[in-house]
Protein chains: 2
Amino acid sequence: MPETTPRFDLIELLFFAYRDFTDDPDVLLNELGYGRAHHRVLHFVHRNPGIRVSDLLGILKITKQSLGRVLKQLVDEGYIEQQHGPLDRRERLLFTTDKGRLLAQQLSQLQTKRINKTIELMPPGSDEIVRQFLYLMIDENDRNDVVRLISQSTTKE
Amino acid sequence: MPETTPRFDLIELLFFAYRDFTDDPDVLLNELGYGRAHHRVLHFVHRNPGIRVSDLLGILKITKQSLGRVLKQLVDEGYIEQQHGPLDRRERLLFTTDKGRLLAQQLSQLQTKRINKTIELMPPGSDEIVRQFLYLMIDENDRNDVVRLISQSTTKE
DNA sequence: AAAATACGTCAGCTATGTTGACTTATATTG
DNA sequence: CAATATAAGTCAACATAGCTGACGTATTTT
């Protein structure tokens with residue numbers, strides 16, 4: 001006798017929705033020999049031009065060694081550039097190149113198309129409800145960071 | 001100049017929400033030496049008692065070899081049982097044991113708690129909007145299968 | 001009797017995560 | 001200024017969970 005009735009509907013909808021949501025970019029990435037790890041790195045660099053390596057590690061919650069592997073590939077193949085920090089030369093600030101920006105845009109466009117097709121079929125104001133739901137599903141401690149990330153990002157389109 | 005304005009807010013909220021949503025079970029699973037792959041197998045067997053191996057492969061969209069590895073562990077350690085199909089003895093129908101059922105319930109309870117805490121903070125009717133959103137985010141071809149899975153599952157609580 | 005199906009298994013590969021130890025360059029601090 | 005701390009990179013070794021390809025066994029279908 002469980003204390004709470006399980007929400008199998010939402011649990012399973014989240015599983016399948018997220019699977020298909022990430023599948024669109026995966027197809028394109030695989031053609032380039034990249035995986036989801038490259039996508040995440042490229043995405044957050046694109047969204048936070050000049051981000052420090054250690055801050056990127058904090059967002060992705062992976063180790064320096066894991067990041068290093070995919071970041072090196074993206075730099076070697078001209079998707080991401082590194083610059084010394086102007087105030088602290090130990091820092092290697094990360095920027096997308098034109099090539100990287102283009103790929104990041106293509107990838108987010110695939111995901112945006114799926115989102116827009118969905119929202120169009122729903123009553124007005126639904127996107128605000130969905131945003132609120134997803135926001136509240138995030139760990140309380142991390143919510144402020146996420147809001148800052150989303151609103152303060154300086155992506156140029 | 002992109003054709004559509006990117007929905008970075010929803011893209012990133014989905015990323016972080018899904019990350020934390022799966023993190024609750026991950027903590028418990030790691031203590032048992034299991035990973036997310038075991039969770040998925042246990043979950044769908046729990047929800048579809050007597051499911052055939054090939055149908056489970058269809059839901060998870062992984063290969064027989066990948067499934068075999070984790071399924072073998074779950075069977076060896078007494079979480080899942082196999083029975084010959086009554087009509088077709090080639091089939092090995094999958095069932096959770098009492099031990100498996102208990103673990104599956106604990107895992108879904110962790111996720112349900114996060115969902116309930118979220119829904120409680122939102123206006124009435126929000127869960128229906130969220131369900132609809134997630135449903136429409138699924139590939140059109142797969143939606144019927146998912147609905148059948150969710151409504152027709154015979155989980156006993 | 002032959003072919004197809006359901007499932008399992010062996011071998012080896014890839015992607016992406018992990019720990020631990022160490023180096024280099026640069027900044028901060030006593 | 002010398003010592004220490006920090007930012008980042010790298011080497012080596014390992015684990016998990018996906019993959020392909022090939023093959024075996026039991027059972028059902030044709």
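In what follows, every chain begins at residue 1, and chains take the letters A, B, ... in the order their sequences are listed.
For the pair B/Arg92 CZ and C/dT9 P, the interatomic distance rounds to 9 Å; values are reported in whole Å. Across the protein-nucleic acid pair, B/Asn30 atom CG and C/dT18 atom P stand 11 Å apart, rounded to whole Å. Between B/Leu56 atom CG and C/dA6 atom P there is a gap of 15 Å when expressed in whole angstrom units. Straight-line distance from the CG atom of A/Asp26 to the P atom of D/dG18: 13 Å, rounded to whole Å. Atom CD in A/Gln82 sits roughly 9 Å away from atom P in D/dT10 (whole-Å rounding).
Using a 4.0 Å cut-off, some side-chain N or O of A/His38 falls inside it from OP1 or OP2 of C/dT16. A close approach under 4.0 Å does occur between a side-chain nitrogen or oxygen of B/Ser54 and OP1 or OP2 of C/dC7.
Using a 4.0 Å cut-off between charged side-chain N and carboxylate O, B/Asp23 and B/Arg19 make no salt bridge. For the pair A/Arg131 and A/Asp127, the salt-bridge criterion is met [side-chain N within less than 4.0 Å of a carboxylate O].
Contacts of residues 60-76 of chain B with DNA chain C (heavy atom under 4.0 Å): B/Lys64, B/Gln65.
Inspection of the A/Glu91 and A/His84 side chains reveals no N or O donor paired with an N or O acceptor under 3.5 Å.
One N or O donor and one acceptor, one from the side chain of B/Arg90 and one from the base of C/dT5, sit under 3.5 Å apart.
Of the candidates C/dC7, C/dT16, C/dT26, the closest approach to any side-chain atom of A/Arg40 belongs to C/dT16.
Annotation: cation-pi pair A/Arg47/B/Phe8 present, NZ/CZ under 6.0 Å from the ring centroid and within 45° of its normal.
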